[in-house]
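Presented below is the structure to which this report refers.
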Protein chains: 2
Amino acid sequence: METGFNEGAMLQAMEREGLRRTRPRQALVAQVAAWGREGVDFTADGLWRAVRRQAPDVGRATVFRTIETLTSLGLLDRISFADGAERYHASVPGAHHHHLTCDICHRVVNIEVCVPDDKLRDVARRAGFTLSGHQVELFGRCARCQAQA
Amino acid sequence: METGFNEGAMLQAMEREGLRRTRPRQALVAQVAAWGREGVDFTADGLWRAVRRQAPDVGRATVFRTIETLTSLGLLDRISFADGAERYHASVPGAHHHHLTCDICHRVVNIEVCVPDDKLRDVARRAGFTLSGHQVELFGRCARCQAQA
DNA sequence: TTTTCTGCAAACGGTTTGCATCGCT
DNA sequence: AGCGATGCAAACCGTTTGCAGAAAA
């Protein structure tokens, strides 16, 4: 089963863009891929702290720059919370899916629920809009956090 | 037809909470209601600049404090964009709806599209989650901006 | 008169940038 | 060798906070 949350595949995707395979980028991608496999998401700062355990001199700026790169390559999804917080999680490029996020531990599950395409377009057309994108985010409490409460 | 984007009604709602009817709050609510009627959304800073034209000594902090108040009263919706920007727009309290936002001019239209409740709960349950909320945001280009392009 | 609200200015926190240097290729 | 990427620290920018004074009730 192909998960896509695989360090090598992600680095290859970067290489294809002419980006260099550097030590900080490898460490960051490894962490992102690991978390992707566990279905865990993270903040920029969390990623920095985690990566520093293995590569202590990776700078904060590099983390932001790499997150930006990965996001625009479609390897990372950005989730914006209503309170303005931003979190990220590894993404299978090209797959159409949305997210279900735990309010407590921020575990993220990809879900296939979506509004049917024709309905989306219909609503947009009625408002005189040309649709460019959409997002569906569900929030709740995962089994583990539910049990602990 | 009741739009709800009405200065008096909003101030009454605040009064019901024991909040005082002050000059800055009146000016802010008037602007928010006016924009609500036009279907326009705004940033905190935009609201500050607009209000200052009529009430030049309203402070920035008051704008943030009032936005926070209105949001928690359900009179204002916060829309988080993928790039981290936050915008607000007047909301009819209690109505279940989502948003269609113009990528260019940020005009916001309320839409009734939604994923059916049972489907939402179903997906959540399958993932072991207890659902607490959800959001659906559509993005696109409104008729006017489409024409200008 | 009491309490809430306000403006100001300083603090804050996350993100971005400028720059000299480092290290892929 | 050449140019992209990096770390550092300073700058940034939107937001929040502490506080003394102003204004609702």
Side-chain angles (χ1 to χ4, degrees), chain A residues 8 10-32 41-73 75-76 78-88 106, chain B residues 10-32 41-73 76 78-88 106:
Chain A
M10 296 177 82
L11 288 168
Q12 272 173 36
M14 298 180 75
E15 234 155 62
R16 242 173 278 130
E17 298 293 314
L19 300 168
R20 292 179 179 173
R21 179 185 282 250
T22 65
R23 185 147 261 313
R25 299 225 258 232
Q26 289 183 72
L28 287 162
V29 164
Q31 182 61 68
V32 166
D41 73 341
F42 52 88
T43 59
D45 192 63
L47 178 55
W48 183 59
R49 289 200 309 272
V51 159
R52 280 178 122 233
R53 291 203 302 262
Q54 339 226 41
D57 38 2
V58 170
R60 231 186 281 263
T62 298
V63 173
F64 283 103
R65 289 188 275 233
T66 303
I67 284 178
E68 174 57 31
T69 301
L70 293 175
T71 301
S72 68
L73 284 179
L75 297 170
L76 220 48
R78 189 193 313 257
I79 307 173
S80 299
F81 286 74
D83 69 353
E86 310 271 16
R87 301 184 66 87
Y88 300 86
H106 298 295
Chain B
M10 296 177 82
L11 288 169
Q12 272 173 35
M14 297 181 75
E15 235 155 62
R16 244 173 276 130
E17 298 293 313
L19 300 168
R20 292 179 178 176
R21 187 182 198 113
T22 64
R23 181 151 261 314
R25 299 226 258 232
Q26 288 182 72
L28 286 162
V29 164
Q31 181 60 68
V32 166
D41 74 341
F42 54 88
T43 59
D45 191 65
L47 177 55
W48 183 59
R49 289 202 309 272
V51 159
R52 280 179 122 230
R53 293 204 301 264
Q54 342 225 43
D57 38 2
V58 170
R60 232 187 277 263
T62 298
V63 173
F64 284 103
R65 289 188 276 234
T66 303
I67 284 177
E68 174 56 31
T69 301
L70 293 175
T71 302
S72 68
L73 284 179
L76 220 47
R78 190 192 315 256
I79 307 173
S80 299
F81 286 74
D83 68 353
E86 309 271 16
R87 302 184 66 88
Y88 300 86
H106 298 293

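Numbered from 1 within each chain, the chains take letters A, B, ... in sequence-line order.
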Tell me: [atom1] of [X] to [atom2] of [N], nearest whole Å?
X	N	atom1	atom2	result
Tyr88(A)	dT15(C)	OH	P	6 Å
Leu47(A)	dT15(C)	CG	P	11 Å
Arg23(A)	dG7(D)	CZ	P	11 Å
Glu86(A)	dG14(D)	CD	P	15 Å
Asp45(B)	dC12(D)	CG	C1'	14 Å
Arg87(A)	dT15(C)	CZ	P	11 Å
Leu28(A)	dA5(D)	CG	P	14 Å
Phe64(B)	dC12(C)	CZ	C1'	13 Å

> Would you say Val32(A) and Leu75(A) make side-chain contact, with heavy atoms under 4.5 Å?
Replying inline: no

> Less than 4.5 Å apart, any side-chain heavy atom of Arg52(B) and any of Arg60(B)?
Replying inline: no

>> With a cut-off of less than 4.0 Å, is there a side-chain N or O of Thr22(B) near OP1 or OP2 of dT6(C)?
In response: yes

> Taking OP1 and OP2 of dA5(D), is either one under 4.0 Å from a side-chain nitrogen or oxygen of Arg25(A)?
Replying inline: yes

>> Checking the side chain of Ser72(B) only, and the main-chain atoms of Thr69(B) only, is there a donor and an acceptor separated by less than 3.5 Å?
In response: yes

> Any sub-3.5 Å donor-acceptor pair from Trp48(B)'s side-chain atoms to Val58(B)'s backbone N or O?
Replying inline: yes

> How is Asp57(A) classified with respect to the nucleic acid when contacts are heavy atoms under 4.0 Å: base, sugar-phosphate, or nothing?
Replying inline: sugar-phosphate

> Closer to the 5' end of DNA chain C via nearest nucleotide, is it Arg52(B) or Gly18(B)?
Replying inline: Gly18(B)

>> For the CZ atom on Arg21(B), are there more than 12 heavy atoms of other groups (residues, nucleotides or ligands in this structure) within a distance under 6.0 Å?
In response: yes

> Taking for each residue the nucleotide of DNA chain D bearing the nearest heavy atom, is the 5' side occupied by Thr43(B) or by Arg21(B)?
Replying inline: Thr43(B)

> Does Glu68(B) or Pro24(B) map to a spot on DNA chain D nearer the 5' end, using the closest nucleotide for each?
Replying inline: Glu68(B)

>> Looking at Arg65(B) and dG7(C), is any side-chain donor or acceptor paired with a base atom of the opposite kind under 3.5 Å?
In response: yes

>> If you go through the side-chain atoms of Arg20(B), does one of them form a donor-acceptor pair with the base of dT3(C) closer than 3.5 Å?
In response: yes

